[in-house]
Amino acid sequence: MVQDNNQISFGGRICMILLFVSIAIFIAIIFIMPKRLTMIEYYATSLSSIILQLLTDLYLEFKYHLYGYFSSQIDWISLLIFFFIYPPVNIIFLNFYPYKSKILKKSLFLSFWVIFSVSYEWVAVKTEFFYYSGWKLWYSAIIYPVLFIILLLNLKLVRLITKFNYD
């Protein structure tokens, strides 16, 4: 993304636009969507997703060097992803998940989010927002359903804990 003369390349400009437009869109959706979860559920699931992402990146990005954000160095701009991309996307997913629907609707909803996530990642790679150095897009297609299910299980745990604490 950054050239030797410290000027941002064209791809670097595009990835910054993608980053900030994504943040603006995801935050706007959160503000205008009907709220179906409690604040503690939003907070706990967001915090859990940040921790999971940081732990995953610690190993896959820094230990095994399979992928990364922007450059191979640790930089502050990556924190914007951890705090303003992942949590909002997870909040939107959990907020609109069809909890009381039949398995087919739940499966279709999950499939939509997997396709959205893989597509977003593909665009991120093409714009230099994200890079691969051993990782493959199809790995993500396998991992995303697992991550979304972990989010749902985490929310279930948060609900169990809050119910236990308030009953």
Side-chain angles (χ1 to χ4, degrees), residues 15-62 66-70 74-125 127 129-130 135 137-167:
C15 81
M16 288 299 170
I17 291 169
L18 176 63
L19 175 65
F20 289 110
V21 167
S22 296
I23 289 170
I25 289 170
F26 296 146
I27 299 285
I29 290 170
I30 287 174
F31 277 108
I32 63 173
M33 71 182 186
K35 308 303 185 277
R36 297 185 177 135
L37 303 174
T38 66
M39 290 305 283
I40 195 68
E41 290 170 340
Y42 289 133
Y43 176 77
T45 55
S46 294
L47 193 56
S48 297
S49 71
I50 291 168
I51 292 168
L52 179 61
Q53 186 61 44
L54 289 171
L55 288 172
T56 301
D57 286 350
L58 185 66
Y59 285 94
L60 298 182
E61 181 178 0
F62 297 113
L66 293 175
Y67 61 77
Y69 306 93
F70 306 108
I74 297 173
D75 51 21
W76 68 270
I77 199 89
S78 296
L79 294 175
L80 293 176
I81 298 165
F82 297 132
F83 292 103
F84 297 105
I85 298 286
Y86 293 127
V89 167
N90 295 333
I91 286 170
I92 295 165
F93 169 81
L94 291 170
N95 191 74
F96 290 107
Y97 184 79
Y99 296 97
K100 295 179 181 177
S101 296
K102 296 193 184 287
I103 192 75
L104 178 62
K105 189 169 184 179
K106 290 178 180 179
S107 298
L108 289 172
F109 185 85
L110 184 64
S111 297
F112 166 81
W113 278 91
V114 169
I115 291 167
F116 169 78
S117 299
V118 169
S119 300
Y120 187 88
E121 183 174 316
W122 180 81
V123 170
V125 168
T127 60
F129 178 127
F130 191 66
W135 191 258
L137 187 61
W138 67 269
Y139 299 170
S140 295
I142 293 169
I143 297 295
Y144 282 125
V146 174
L147 291 175
F148 286 122
I149 290 167
I150 289 171
L151 274 175
L152 290 165
L153 292 173
N154 182 61
L155 178 59
K156 196 173 205 171
L157 178 63
V158 169
R159 287 178 172 170
L160 182 68
I161 291 169
T162 54
K163 183 179 190 289
F164 178 74
N165 284 337
Y166 293 114
D167 284 347

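FYI, side chains are in, hydrogens and waters are out, and symmetry mates aren't considered; it's all heavy atoms of this structure. Being a predicted model, the structure only gives us computed values, none of them experimental.
For Ser119, the side chain to side chain contact (heavy atoms under 4.5 Å, CB included) partners at least two apart in sequence or on another chain are Ile115. Scored by the side chain to side chain donor-acceptor pair (under 3.5 Å) test, Tyr67 finds Asp57 as partners (sequence neighbours excluded). Take Thr45 and apply the side chain to side chain donor-acceptor pair (under 3.5 Å) test, not counting sequence neighbours, and it matches no residue. Evaluation of the ring pair (Phe, Tyr, Trp, His ring centres under 6.0 Å) rule for Phe82 yields Tyr69 as partners, not counting sequence neighbours. Applying the side chain to side chain contact (heavy atoms under 4.5 Å, CB included) criterion to Val146, with sequence neighbours excluded, gives Ile150. With sequence neighbours excluded, the residues that form a side chain to side chain contact (heavy atoms under 4.5 Å, CB included) with Leu157 are Ile161. Residues forming a side chain to side chain contact (heavy atoms under 4.5 Å, CB included) with Ile30 (at least two apart in sequence, or on another chain): Met33, Pro88, Ile91, Ile92.
You'll find the side chain of Leu80 reaches within 4.5 Å of the side chain of Leu19, heavy atoms only. Residues Leu147 and Asn90 form no side-chain contact, since every pair of their non-hydrogen atoms from C-beta on lies 4.5 Å or further apart. Considering only heavy atoms from C-beta on, Leu37 comes within 4.5 Å of Leu155 through its side chain. Using a 4.5 Å heavy-atom cutoff, the side chains of Ile143 and Phe148 are not in contact. Two residues are said to be in side-chain contact when any heavy atoms from C-beta on lie closer than 4.5 Å; Leu79 and Phe84 fail this criterion. Using a 4.5 Å cut-off on side-chain heavy atoms (C-beta onward), Ser117 and Phe112 make no contact. You'll find the side chain of Gln53 stays beyond 4.5 Å of the side chain of Phe83, heavy atoms only.
Put simply, CD1 on Ile50 and OG on Ser46 are 6.0 Å apart, with the number rounded to the nearest 0.5 Å. Here the CZ atom belonging to Phe129 is positioned 9.0 Å from the CD1 atom belonging to Ile77, to the nearest 0.5 angstrom. Note that CG of Leu18 and OG1 of Thr127 are 4.5 Å apart. Values are rounded to the nearest 0.5 Å. Atoms OG1 and CD1, on Thr56 and Ile51 in that order, are 11.5 Å from each other to the nearest 0.5 Å. Distance check: Lys156 NZ to Leu153 CG gives 7.0 Å after rounding to the nearest 0.5 Å. The distance from the OH atom of Tyr59 to the CG atom of Leu66 is 14.0 Å, given to the nearest 0.5 Å.
A side chain to side chain donor-acceptor pair (under 3.5 Å) check over residues 21-33, counting only residues at least two apart or in different chains, returns the pairs Ser22-Tyr120. For the ring pair (Phe, Tyr, Trp, His ring centres under 6.0 Å) condition, no pair includes a residue of residues 15-53, sequence neighbours left out. Listed by first and then second residue, the side chain to side chain donor-acceptor pair (under 3.5 Å) pairs involving residues 138-150 are Glu121-Ser140, Glu121-Tyr144, Trp135-Ser140 (not counting sequence neighbours). The list of salt bridge (charged side-chain N to carboxylate O under 4.0 Å, His left out) pairs with a residue in residues 36-49, not counting sequence neighbours, reads Glu41-Arg159. Pairs passing the side chain to side chain donor-acceptor pair (under 3.5 Å) check and including a residue from residues 106-115, sequence neighbours excluded, do not occur.
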Is there a side-chain contact (heavy atoms from CB on, under 4.5 Å) between Phe93 and Leu152 once you walk through the steps? CA-CA 9 Å; Phe93 169 81; Leu152 290 165; 3.9 Å; yes

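Shortest non-hydrogen contact noted between Ser49 and Leu151 is CB-CD2, 4.2 Å. Taking every heavy atom of both residues into account, Asn95 and Pro34 meet most closely at ND2-O, 2.8 Å.
Taking the six-membered ring where the residue is Trp, Tyr97 and Phe109 present perpendicular rings, their angle passing 60° and hence far from 30°.
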